[in-house]
Amino acid sequence: MIFNWIVFILAAAGMIGVGVWSNKKIKSQANHGGEGFLLGGKQIGAFVGAGTLMATGYSGWGFIGSPGTAYAFGSIEVLANFFFAPAIVFGTLFFANFMRKNAEKSGGLTVPEYLASTHRGTDGQKRLVHFFAGLATFIFLSVYMIGQIRAVGLVASQWLDIPEVYASILLITVVAIFTIMGGLLAVALTDTIMCVGMLIASVIVFGVILQDVSLTEMIRTVGQMNSELVNPTTSAPYGNTRYSVYLVFVYALLFTTTLPYMSVRFLSLKEDIKIHKMALYMAPMGIILSLIPFVGMYMFYKDPTLANPDSAMPVFLNTFLSPALGGIITLFILFAMLSTISSILQALASSLSYDMYMSLGKKKEIKSDFINRLVVGLTALWGLFLTFVAPQGMLNQIAYIGTGGLISMFVGPIIMRTIVEADLKTCFLSMVTGFLVNVVLVLGFDVGWVEAPIIAGLAGSVVYVTMGFATNSWRRVAAVE
């Protein structure tokens, strides 16, 4: 246990060191109060861009929630996980440059501001869309952060042999410090470092499983114990039909392009970046990270009596690996999960200190970078509070509830913006439609985690495209007259 603490302290010091270095880097730039802290000075290149996207997309749910879901639902989670990598790559290939160039032309240091600035309308309408998108970001990412913090606390408490509450507080303190220091640049750099660690951990973990049992033997045995885990009749928890799991690809594509803590990376990329080069880095990363759910099935093969499915990965590390190796891999997992939390903190804080602040009519000149940093710390406290008062649930379920709400709102204004240049009224109505339909589906119907935001996002997209073309036609007629 002393070894784990020594490794943790050294790693935490290293991450904080990255934050200090990033702080010096962004201060050296003339625009460090805006692009520097919020967008890393727009200096994120291909490899760091690939690392930060994959680490953020896979971390907490990938290493804890996904094995837990595979333990509870079996092969359906293994299949679902393999859809994430190509979806994140395709989302980057088709939308990264589009969003970056539009943000450069119209302005936008955050995704809510990007929505407001890339749609035409009055100043009051811009403020409304900016505030509403910022508020939605804060609410839904607050829910999402609950699952991330619980995942960190679950792993760290067993690794450091301290209560889960203390583990959560300790880890969030570390992530808040380096995020406050270095902003998005520190987040992206630490993401990339931990992504490399995650890749190594994935290979080691999968290798340990194969040394003990072949995949065919494991699957055959699990099928004998519970046939539903190997040959499912539904796509639960992703949907009620057998083929609903294929919608995970669509979900992950929307996840990459619409969620503020993911797509803000597109706004932070270097101007001369080669997107295809970044995608070539991302593809093999995603394939390797997609091996992790096999841990859940392996743990069911070894012990089908675990009370908490989300403990599958921690139990695996503590049982089937040497203390030193298990400790190092746990470190990679922990800090990879922290990288996602830091991304969420960054997005949450900017929604308060920048988006809602700016939309109330405040001028950029009276806003200091100090406010952004202060609100990161306050948001960390907010996340801890929610974690301890919110009802319990599977980590994957909590994650999908949080992200699904934002996806359903932002699909129309972000994705359909490539088809039609709509106005702010259309943007706002599309967001409201997506939000309301998602609420009805989640609360009123037995709809899967993935299906609800896709259906709701489709409804918002129909509104966006229909109204967009209609209002453009009316404008052309009015101009002729």
Side-chain angles (χ1 to χ4, degrees), residues 31 33-35 37-39 42 95 98-142 183-184 257-268 343-369 371-372 374-376 378-379 405-417 420-436 457 460-461 463-464 467-468 471:
N31 59 353
E35 290 184 359
F37 187 82
L38 296 176
L39 292 181
K42 295 186 177 180
F95 290 97
F98 176 81
M99 292 185 68
R100 185 189 63 77
K101 290 179 179 178
N102 274 279
E104 191 71 32
K105 180 174 65 176
S106 304
L109 302 183
T110 65
V111 172
E113 187 180 38
Y114 170 85
L115 294 176
S117 63
T118 55
H119 292 82
R120 64 181 183 274
T122 66
D123 183 63
Q125 291 170 344
K126 286 183 182 293
R127 293 182 185 181
L128 176 62
V129 168
H130 197 177
F131 182 86
F132 185 60
L135 179 63
T137 297
F138 183 79
I139 292 173
F140 284 113
L141 287 190
S142 292
L184 186 62
T257 54
T258 62
L259 290 183
Y261 74 91
M262 287 287 286
S263 55
V264 72
R265 266 78 172 160
F266 298 162
L267 309 185
S268 68
S343 300
I344 299 170
L345 281 178
Q346 177 81 0
L348 278 172
S350 63
S351 68
L352 285 176
S353 64
Y354 187 83
D355 293 317
M356 286 187 268
Y357 181 93
M358 291 286 292
S359 64
L360 293 175
K362 305 297 181 181
K363 295 182 179 180
K364 292 184 180 180
E365 289 74 18
I366 67 174
K367 177 188 67 63
S368 72
D369 193 35
I371 296 177
N372 287 322
L374 174 64
V375 175
V376 169
L378 296 176
T379 304
L406 278 179
I407 289 174
S408 63
M409 291 180 61
F410 290 169
V411 168
I414 291 180
I415 304 295
M416 296 299 109
R417 176 68 173 71
V420 56
E421 295 186 9
D423 58 18
L424 285 162
K425 290 181 180 178
T426 300
C427 175
F428 182 74
L429 186 58
S430 174
M431 287 195 295
V432 172
T433 301
F435 169 75
L436 292 177
S461 296
V463 169
Y464 187 92
M467 285 194 61
T471 53

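Between the side chain of Ser351 and the backbone N or O of Leu135, no donor-acceptor pair lies under 3.5 Å. The backbone N or O of Tyr114 lies less than 3.5 Å from a partner atom in the side chain of Ser117, making a donor-acceptor pair. Judged purely by atom type and a 3.5 angstrom limit, Ser430 has no side-chain atom pairing as donor or acceptor with the backbone of Thr426.
Atom CE of Met409 sits about 9.0 Å away from atom CG of Leu436, to the nearest 0.5 Å. Rounding to the nearest 0.5 Å places CE of Met99 at 8.0 Å from OG1 of Thr118. The CG atom of Leu424 lies 12.5 Å from the CG atom of Leu429; values are rounded to the nearest 0.5 Å.
Closest approach of Ile414 and Thr258 over heavy atoms only: CD1-CA, 3.8 Å. Closest heavy-atom contact between Ser353 and Val375: CB-CG2, 3.6 Å. Scanning all heavy atoms of the two residues, the minimum distance from Gln125 to Gly121 falls at OE1-CA, 3.2 Å. Summarising the geometry of Tyr261 relative to Ser343, their closest heavy-atom pair is CB-O, 3.7 Å, with the distance given to 0.1 Å. Nearest heavy atoms, Gly134 versus Met356: O-CE, 4.1 Å. The two atoms that bring Gly468 and Ala422 nearest to each other are CA-CB, 4.0 Å, heavy atoms only.
When side chains are defined from C-beta on, Thr137 does not count as touching Thr110, because their heavy atoms never get closer than 4.5 Å. Put simply, the side chain of Leu406 reaches to within 4.5 Å of the side chain of Pro260, judged on heavy atoms. Between Tyr464 and Val420, the closest side-chain pair of non-hydrogen atoms falls below 4.5 Å. Looking at heavy atoms from C-beta onward, Pro112 lies out of side-chain contact with Tyr354 at the 4.5 angstrom threshold. Arg417 is listed as a side-chain neighbour of Asn102, based on a closest heavy-atom distance under 4.5 Å. Between Ile415 and Phe95, some side-chain heavy-atom pair lies under the 4.5 Å cut-off. Proximity of Asp355 to Glu113: side-chain heavy atoms (C-beta onward) are separated by under 4.5 Å at one or more points. When side chains are defined from C-beta on, His119 does not count as touching Val129, because their heavy atoms never get closer than 4.5 Å.
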| request: Go through the steps to decide whether Ile407 and Phe140 satisfy the test side-chain contact (heavy atoms from CB on, under 4.5 Å), and finish with yes or no. | output: CA-CA 10 Å; Ile407 289 174; Phe140 284 113; over 6 Å; no
| request: Show the numbers, then the answer: is there a side-chain contact (heavy atoms from CB on, under 4.5 Å) between Met431 and Leu115? | output: CA-CA 11 Å; Met431 287 195 295; Leu115 294 176; 4.1 Å; yes
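Counting heavy-atom neighbours within 6.0 Å of Phe435 CZ, excluding the residue itself, gives a total of 12 or less.
Listed by first and then second residue, the side-chain hydrogen bond (donor to acceptor under 3.5 Å, both in side chains) pairs involving residues 407-416 amount to none (not counting sequence neighbours).
Here the options are Arg127, Arg120, Lys126, the test is salt bridge (charged side-chain N to carboxylate O under 4.0 Å, His left out), and the partner is Asp123; only Arg127 passes.
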